[in-house]
Colleague: 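For reference, the structure I am asking about is given below.
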Amino acid sequence: MWVYPADSGYAPARDLTGFTVEAPDGVLGRVDRQSDRQGMQHLVVDTGAWVFGRSVLVPAGFVRRINPSERTVTVVATKDQIKNAPRFTTDSQTADSAYLADVARYYAGLGLADPSAQ
């Protein structure tokens, strides 16, 4: 779940900050930050006005496709599925093992966590 799928178009040196994030049911927001830490890759997405300026953490395994020419990242989870994920409030949570375990449990429960199954 914490690694980009091999066929997603991920490139280690590519900065995804500012890319538009698209869910199957519409635009989710923009990439605010990303972590390329081995085994813990994820995006922090600013949802803007969609959920009152809330940011959400999306594990890299939920990225279906990265399109650098269009500056888009497509994810497999819907907007509501991502909106209902454990609330992301501070950058320190990206190093909090309890928070990351909650995030992993939530996303695994969606049945979409295995990139090879998509």
Colleague: Could you label the plane-to-plane angle of the Tyr10 and Tyr4 rings as parallel, tilted or perpendicular, counting under 30° as parallel and over 60° as perpendicular?
Modeller: parallel
Colleague: Quick one: CG on Asp25 to CD on Gln81, what's the gap to the nearest 0.5 Å?
Modeller: 8.0 Å
Colleague: Report yes or no: does Gln93 contribute a side-chain atom to a donor-acceptor pair with the main-chain N or O of Thr90 at less than 3.5 Å?
Modeller: yes
Colleague: Under 3.5 Å, side chain of Tyr107 to main-chain N/O of Gly61, donor-acceptor pair present?
Modeller: no
Colleague: Taking all non-hydrogen atoms of both residues into account, name the closest pair between Ala77 and Ala23 and its distance.
Modeller: O-CB, 3.3 Å
Colleague: With a 4.5 Å limit on heavy-atom distance, are the side chains of Leu43 and Val63 in contact?
Modeller: yes
Colleague: Are any side-chain N or O atoms of Thr47 and backbone N or O atoms of Arg54, one a donor and one an acceptor, separated by less than 3.5 Å?
Modeller: yes
Colleague: Considering residues at least two apart in sequence or located in another chain, which fulfil the side chain to side chain donor-acceptor pair (under 3.5 Å) criterion with Asn84?
Modeller: none
Colleague: Quick check: closest heavy atoms across Leu100 and Trp2, and the distance to 0.1 Å?
Modeller: O-CZ2, 3.8 Å
Colleague: Calculate, to the nearest 0.5 Å, the distance between atoms NE2 and OG belonging to His42 and Ser35 respectively.
Modeller: 4.5 Å
Colleague: So Leu28 and Ile82, do their side chains get closer than 4.5 Å, heavy atoms only?
Modeller: yes
Colleague: What closest approach, in Å, do Lys79 and Val27 show between heavy atoms, and which atom pair accounts for it?
Modeller: CD-O, 3.3 Å
Colleague: In Å, rounded to the nearest 0.5 Å, how long is the span from CG of Asp32 to OG1 of Thr17?
Modeller: 7.5 Å
Colleague: Hey, what do you get for CE (Met40) to OG (Ser97), rounding to the nearest 0.5 Å?
Modeller: 8.5 Å
Colleague: Side-chain contact, heavy-atom cut-off 4.5 Å: Tyr99 with Leu57?
Modeller: yes
Colleague: Looking at residues at least two apart in the chain, or sitting in another chain, which of them share a salt bridge (Lys or Arg N to Asp or Glu O under 4.0 Å) with Arg33?
Modeller: Asp91
Colleague: When you compare the side chain of Pro5 with that of Arg64, does any pair of heavy atoms fall below 4.5 Å?
Modeller: no
Colleague: Just to verify, what does Asp36 make a salt bridge (Lys or Arg N to Asp or Glu O under 4.0 Å) with, not counting sequence neighbours?
Modeller: none
Colleague: Ignoring hydrogens and geometry, is there a side-chain-to-backbone donor-acceptor pair from Gln41 to Gln34 under 3.5 Å?
Modeller: no
Colleague: Could you give the distance from CG (Asn67) to CD (Glu22), rounded to the nearest 0.5 Å?
Modeller: 9.0 Å
Colleague: Let me see the working for Val56 and Val44 under side chain to side chain contact (heavy atoms under 4.5 Å, CB included), right down to the final yes or no.
Modeller: CA-CA 6 Å; Val56 293; Val44 175; over 6 Å; no
Colleague: Residues two or more places apart in sequence or in another chain: which of them pass side chain to side chain donor-acceptor pair (under 3.5 Å) with Thr72?
Modeller: none
Colleague: Could you pull out all residues at least two apart from Arg37 that satisfy salt bridge (Lys or Arg N to Asp or Glu O under 4.0 Å)?
Modeller: none
Colleague: Spell out, as yes or no, whether a donor-acceptor pair under 3.5 Å connects the side chain of Arg14 to the backbone of Gly9.
Modeller: yes
Colleague: Quick one: are Pro59 and Met1 in side-chain contact, heavy atoms under 4.5 Å?
Modeller: yes
Colleague: Could I get the full list of ring pair (Phe, Tyr, Trp, His ring centres under 6.0 Å) partners for Phe19, not counting sequence neighbours?
Modeller: none
